[in-house]
Engineer: 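Handing you a structure now.
A note on names: the letters A, B, ... follow the listed sequences, proteins ahead of strands, and every chain is numbered from 1.
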There are 2 protein chains.
Amino acid sequence: MDVSIAVDGDDSDKLPCAGCDDRDCPIRKALGEAGLLECSDSIRQISARPGERLEISGFEPDTVFRIASGMLMQEHVLEDGRRHVAAFKTDGELAWPLSREDNGDIREFYEAVKPTDLCVISVSPLADRTSDACGLMETLYSAAKEEVARSQTRMLTLARSSATERLAGFLFDLAKRTGKQMKYGTELKLNMRRERIADHLGMQPETISRIMSAFKKDGVIQLPRPTVVIIPNLQALAAIAFGAA
Amino acid sequence: MDVSIAVDGDDSDKLPCAGCDDRDCPIRKALGEAGLLECSDSIRQISARPGERLEISGFEPDTVFRIASGMLMQEHVLEDGRRHVAAFKTDGELAWPLSREDNGDIREFYEAVKPTDLCVISVSPLADRTSDACGLMETLYSAAKEEVARSQTRMLTLARSSATERLAGFLFDLAKRTGKQMKYGTELKLNMRRERIADHLGMQPETISRIMSAFKKDGVIQLPRPTVVIIPNLQALAAIAFGAA
DNA sequence: CGTGTCTTTGAAGGTCCTCAACACTCGTGG
DNA sequence: CCACGAGTGTTGAGGACCTTCAAAGACACG
């Protein structure tokens, strides 16, 4: 599916934060309940269905995305089609669309991998009008620093881990973030295809498949369907990811 | 060389910014000349000789490094010795030491690759005491966002580029940042060994060497000594880096 | 129940790594 | 000034890992 959704004047727009019950949202905390009312045109809620793509060219460089629920994929694509998924963002995580001049030949896309609600936030007007602009900037700065730390960990993985370690690490991370605890282990719903996992880990879809089969054969995972992974023992996966293989 | 320098009470400490003639420093701008005087204990200048290592365990999580001059290497190391150089930071660039809890088993080091002066900045006390705390946070936020963008470009490279493309991109980037323009082309002094370049690009030193030889054979570079690279035509390198090969 | 898409599996090939030997560089000391 | 030696860089041969190409199998959707 390759459907783009318009953001301006779309009926998926909602009143900022009004319908959002996330009390942990750092943006909301920084603004306060009073501040929210003043900034209704700077925060916009968008719903995206699986496969829908956000057209980021319309956004100002100070835009921030915050995932309220669901999962959003951030991808970068070269002219010749080579592709990398920088992150699968889930509940509460932030993402920063790159300004166009930064990236040279790289195009950036955001695509929902499952039904997703997200907030599109324009920072500058928010900072101008809220009483605690410093708190807001500090919150965003802190989040950006964490993003840098995550990126550095991922670079180490991409540069120095085997395909097996990378996939084990990916499954482990995703299971921790979105897995459901069952009596028989952790159940993980993969909302993306093998190709996207490959794009995230710098591999080929066939390689993902092969390693999945090997994990299955070794009893590290069960694979009732291609999109459902059951992990009886998370520590076993972690051990593989962090170099026990 | 594996010399660590102590940071506290070292005679390499200098008065903050007093000896620094960098008027473009965003920290300085945000603080203003008056603010600088108040914050003398929050900014510390350090000099490091090639091979010297900063002991980061002593720094608060809100610490920021700013390279005044020279080059600082930021590296992450796994228990088993696998290593990645996240960046070679040069004049004016910022670096954020990771908080210890973030990185799990990853240890972080900073090492000068040539004589380097850097500022060690504690952000919190600075923000508390300066008049324009918002401006300071905004500056840092902006810098952190740029760092995220750089990391994402690097991840795409690590995940989806060939060894040849990665090395060409590295030389191109470094030549732009630190190369000297000569009549015969751009001269680039490599202050790091092949092993460190390999750690930056996720390769082996032998592979670096092989590709260097190939570039030399093709006339893309000259290599009078292992540490000196002459690039007659930067665009040729860029073409290789961005997928013309 | 058929069709298109995605996944899995197999075989062959390429890129990069590993191991090993040799060459070069540069600082030290005779 | 040259000789020496340790560290670093280069080159070669062989192999491992992952990719590429191809085909068959599974799944989802009408």
Engineer: Can a salt bridge be assigned to the pair B:E93 and B:R150 using a cut-off of 4.0 Å between side-chain N and carboxylate O?
Structural biologist: no
Engineer: Taking A:D199 first and then A:R82, would you say they form a salt bridge - that is, a charged N and a carboxylate O separated by under 4.0 Å?
Structural biologist: no
Engineer: Between D:dT10 atom P and B:L167 atom CG, what is the distance in whole Å?
Structural biologist: 11 Å
Engineer: Using whole Å, report how far CG of B:L190 lies from P of C:dC24.
Structural biologist: 20 Å
Engineer: Under 4.0 Å between a side-chain N or O of B:S209 and OP1 or OP2 of D:dG9?
Structural biologist: no
Engineer: Is the phosphate of C:dC26, meaning OP1 or OP2, less than 4.0 Å from a side-chain N or O of B:R225?
Structural biologist: yes
Engineer: Are B:R193 and D:dG7 close enough that a side-chain N or O sits under 4.0 Å from OP1 or OP2?
Structural biologist: no
Engineer: Can you tell me which nucleotide in D:dC18, C:dC16, C:dT8 comes closest to the side chain of A:P226?
Structural biologist: C:dT8
Engineer: Which comes earlier along DNA chain D counting from the 5' end, the contact point of B:E195 or that of A:G202, where each point is its nearest nucleotide?
Structural biologist: B:E195
Engineer: Rounded to whole Å, please give me the gap between CZ in A:R166 and P in D:dC17.
Structural biologist: 13 Å
Engineer: Is any NZ, NE, NH1 or NH2 atom of the basic residue among B:E111 and B:R49 found under 4.0 Å from an Asp or Glu carboxylate oxygen of the other?
Structural biologist: no
Engineer: If you check every side-chain atom of B:R194, which of D:dG12, D:dT10, D:dT19 has the closest atom?
Structural biologist: D:dT10
Engineer: Would you mind telling me which residue lines up with the more 5' stretch of DNA chain C, A:T227 or A:R210, judged by nearest nucleotide?
Structural biologist: A:T227
Engineer: Please give, in whole Å, the distance from D:dT19 P to A:D199 CG?
Structural biologist: 11 Å
Engineer: Is there a side-chain polar atom (N or O) of B:S213 under 4.0 Å from OP1 or OP2 of D:dT11?
Structural biologist: yes
Engineer: Does any N or O donor sit under 3.5 Å from an N or O acceptor when you compare the side chain of A:E206 with the base of D:dC21?
Structural biologist: yes
Engineer: Rounded off to whole Å, could you give me the CZ-to-P distance for the A:R160 and C:dC16 pair?
Structural biologist: 13 Å
Engineer: Applying a 4.0 Å non-hydrogen cut-off, can you work out what B:M203 is touching in the nucleic acid: base, sugar-phosphate, or nothing?
Structural biologist: sugar-phosphate
Engineer: Please state how far atom CG in B:L158 lies from atom C1' in C:dT15, giving the value in whole angstrom units.
Structural biologist: 16 Å
Engineer: Ion pair present between A:E75 and A:R53, side-chain N to carboxylate O less than 4.0 angstrom?
Structural biologist: yes
Engineer: Rounded to the Å, how far apart are B:Q204 CD and D:dG9 P?
Structural biologist: 14 Å
Engineer: With no hydrogens and no angle check, is any side-chain donor or acceptor of B:D91 less than 3.5 Å from a backbone partner on B:G70?
Structural biologist: yes
Engineer: In whole Å, I'd like the distance from the NZ atom of B:K216 to the C1' atom of D:dT10.
Structural biologist: 9 Å
Engineer: So B:L223, base contact, sugar-phosphate only, or nothing? Heavy-atom distance under 4.0 Å.
Structural biologist: sugar-phosphate
